[in-house]
Structures are given as C-alpha cells and as structure tokens.
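See structure below.
Within every chain, numbering begins at 1; the chains are lettered A, B, ... in the order of the sequence lines, protein sequences first and strands thereafter.
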2 protein chains.
Amino acid sequence: MRINIENINLRDQIYEILRDMILQREIGPGEKIGEEELSKKIGVSRTPFREALYRLEGEGIIEIIARRGAFVRRQSRATIIEVLEIREVLEGLVVRLVALNLSDKTLGQLQKCLDNIKDTPDEPSQLIKFTHADEEFHQLLLDACQNQMLKNLMATVNIHLQFIRLRTVVIPGRAKKTIREHYEILDAVAQKDASKAEALMRRHIASVREYATEHIENME
Amino acid sequence: MRINIENINLRDQIYEILRDMILQREIGPGEKIGEEELSKKIGVSRTPFREALYRLEGEGIIEIIARRGAFVRRQSRATIIEVLEIREVLEGLVVRLVALNLSDKTLGQLQKCLDNIKDTPDEPSQLIKFTHADEEFHQLLLDACQNQMLKNLMATVNIHLQFIRLRTVVIPGRAKKTIREHYEILDAVAQKDASKAEALMRRHIASVREYATEHIENME
DNA sequence: TTTTTGTATATTGTATACGATATACAAAAA
DNA sequence: TTTTTGTATATCGTATACAATATACAAAAA
C-alpha cells in the first residue's frame, strides 16, 4: 500500500504558473511566450516548459506556430460567443447536479455568499465586490457538483471567460439584477427542483451572452 | 503575407497516433505506455513523445504517475456517468446550433444517413452497421455546428465514449428505437425548432445514460 | 530612394545525456 | 517458511546539445 503523495513535477507547476500569468494578463493576448527567456526566468529548462505549453495549446489558451513561437490567443467576438454558448449548458448542468445532491453546508455557503453582497450599493466603486461575489457564487456551485470531469472542463472555460467577465458585469443596474437571479437560482436549488434551477441558470448565462453578442465589437 | 501550411511537427502526429491507438484498444485500459519502448517503435525521441503524453493527461485519457509511467485510465462506473451527463448537454447544444443554422446540404446528409439504415433488420449480425450509422449521425451534426470549441470538447468526450458505445447500442430492440429518435430529432431540426431539437436530443442521450447507470456494473 | 537578396543571428524542434527513484530480486534474519 | 532489507536495474524527470528555419539587417541592384 502506498499513499499517493502529490505529483510533484515541474511541468504541472509550470503549467499553473503560465495559466495564471495569462489569467492575470501578465502575458496579454497576442503576446509571445519566449521559451528561452521565460523558462530561464522561472528557473527551469525548456523541456518541462514546452510540455506545459503543449497542454495550454490543447486547451485553446495559446497557439503554437512552428518555428515562430507560442502566442496567447486573442479572443475574437466569435470565440467569445462560442465559449458563452458552452458555458450556458455546462453551468446549467452544474446547478442541476447540485440541486440533485445538496448538502446543508453547501446551502449555507451559497446563502451566505449572496447575503454578504445584497446590501452593497450598486456604485462603480463597489463593482469589484460584485465581481468577486459573482465568481464566488458560481465557484461554490462548481465545487459542490460531484462531477470531476465537469470541474475540469469548467476550469478551462473559466480561463476563457476571465477575459470578458469584468466587462459583462459592469453595466448600470446589472449587478442588482445578477443578485436577484442568483437568489432565484438558489431558491430552486434549495427546493431541489433541478429542472427549474437549470432553466434559470441557463437564462441567467444567456443574458450575459446576449449582452456580449450585442455590445462587444472586437475584444482587444 | 504567408500561407499557413499545416503545422507539421512530431508532437501533433504522435498525439494523434497515441489517441488512435487508445481508441482502437491497441493499448487497453490500465495498460502502461512505455516511453522508451513505444517512442522507439514509432521512430521518434522521447521529447515530443512526452509532450503528446502530457496533452493526453490533460484530457483525462491517461494518467501519469511520477517515476512510474503513463497508464490508460480505466473507466469506472462513476466516470462513465460523468461523461454521459456532460455529453447530454453538449449534444443538446450541438443540435440546437445546427437547427439555428441549417444548410440544405447538411439536411440532405442527415436524411440520407438515416434512410440508409432504416430498413436494415435489427439482428446481431447487423449491429456494427447500426453502430456506424449512429456515429455518423452524431458526427454529421457535430460537423455542421459552427462552434469550433464545441467540436474540440466533443472530440475529447467522444474518446471517453468510445469505450462504451458498442455496449450501449447492443440491446435487443434498441437499434430501431435509436433510429426512431434520430428521425424525430431530424424533424425538429428541419423545422428549425431549436428548443425541441435540443430537448429531444437530451432525452435521447439521457436514455443511454440511464441504461448505463443501471446495467454497467464495472467496466473492465 | 526603393526593392531584392544574401547572410548572420536568434529561436524553435528534436535528440541525447544525465540524475533520481520505483521496482524486482536475492540474500539474510526471524 | 516468511519477512525484511539491501542492491542492481530499468524507467521516468530534467537538462543540455544539436539541427533546422524564421527573422532581421545589411549590401547590392533597380
């Protein structure tokens, strides 16, 4: 018998470092990832570095062009819509699964998450709080859904989403609308009405998608 | 200006070779993929070989254990259900998108696909034909949906499905039921009733999932 | 001046080499 | 006989070395 200690290897660590750097815009869309330069800065050789790059390419985060280099993909309007279409059905599945298998602990966490933000005024200075609350609500649901593969897929989808999330919440009056919809979803989940929860979540996400479809002309 | 010739590099080729080998059961579940041995047999060094392995791990196809090796993942009952839950909503999205954007060519191909098989007797000796027709129907829909990211996700999902597809169709009377359901879906698509098409597809996939839930005790 | 072409340089793609660890097996102890 | 422990071997993880090509820049021609 043997305890499976964490798989400590460089490629996994580098993968996460690069993913986070792209997420945090330390490497922006269209920018090149120089192997020699960045791997040296991190302090590893190119071999595990390139393994990480290849996984990122598989997830559609970067594009590797032979003998030219690895580039962070630009999010075109079409790509954003594609991601949001997928997000709609996957988030719907998440909430359906949660409704079918709800623990008191999860219910409490969701409730608290919404209650914490509900009295915050919808002002520009507070927008980051709404963004965090929004992300936390969806993340709590994801953590509670008992489908590991779905969690993995959503992790990738969320990377793509990160590029537009701030822009979608930042609309006058949108923050309060989001919270109202979250409460409705939570009610359905609490009643274990999986179909209703899924339908509400899909409409919630779809409204974000429709906004993006109309307003985002070209993402930089 | 520069024409983007196919990205000819070894890691992409090796990735496809390994994926197909696993798909065709040339390397079975639980089996080890020896780097030295197999890369030598293919005729490449371990470097691009390992890059391919790392992408496969990211897709959940294999598991890499540090200093032990890469192993084809066994499909547990829980994993199969996870995949089928995801497949249900993604296939639903596929058919919704196709209904919203249907070309005459696609409609013709789908029609022909079903007509070709509809008079085949539902006998054990013919089962492989039903399997092929089933795969072709779903693949035609996927090809026609205009969401590249969805195509990529479904490609991965389909690898996982490959392990159980034959077992799900092989039920007395199931083949004819499948064709009937496919015709109903096609009708909804032809009428451009996206919601109906999606709902029918989801029910269709869900019935496969329910069968798997009940009957598959432990996949080898 | 503008365009073209050749060469130097930098960077990626691939192979090989080296270091670390898990596994197998044999030998010794209980 | 059974269990434990030490060592040899094989295989994986990482680093380095070499090969191929894209890019930049300079020189020459138009």
For DNA chain C, what is the dot-bracket line, given that a base pair needs Watson-Crick (N1 to N3, plus N6-O4 or O6-N4) or G-U wobble (N1-O2 and O6-N3) geometry with both distances under 3.5 Å, and | means paired with another strand? ||||||||||||||||||||||||||||||
For [X] and [N], give me the distance from atom [atom1] to atom [atom2], rounded to whole Å.
X       : N      : atom1 : atom2 : answer
B/Tyr54 : D/dT14 : OH    : C1'   : 14 Å
A/Ile14 : D/dT14 : CD1   : P     : 8 Å
B/Glu37 : D/dC12 : CD    : C1'   : 14 Å

Results of side chain to side chain donor-acceptor pair (under 3.5 Å) for A/Arg209 - residues two or more places apart only: A/Glu88
Sequence neighbours left out, what passes side chain to side chain donor-acceptor pair (under 3.5 Å) with A/Glu210? Give chain and number order. none
Tell me if the CG atom of A/Asp115 is crowded by more than 12 foreign heavy atoms within 6.0 Å. yes
Assign a letter to each nucleotide of nucleotides 12-17 of chain C from its 5' end: B, base within under 4.0 Å of a protein heavy atom; S, sugar-phosphate only; -, no contact. BBBBBB
For [X], which residues count as a salt bridge (charged side-chain N to carboxylate O under 4.0 Å, His left out) partner, sequence neighbours excluded?
X       : value
B/Glu31 : none
B/Glu36 : B/Lys40
B/Glu35 : B/Arg46, B/Arg50

Name each donor-acceptor pair under 3.5 Å that joins a side chain in residues 105-113 of chain A to protein atoms two or more places apart or in another chain, with its distance.
residue  : atom : partner  : partner atom : Å
A/Thr106 : OG1  : A/Ser103 : OG           : 2.9

Which residues pass the ring pair (Phe, Tyr, Trp, His ring centres under 6.0 Å) test with A/Phe137, not counting sequence neighbours? A/His182
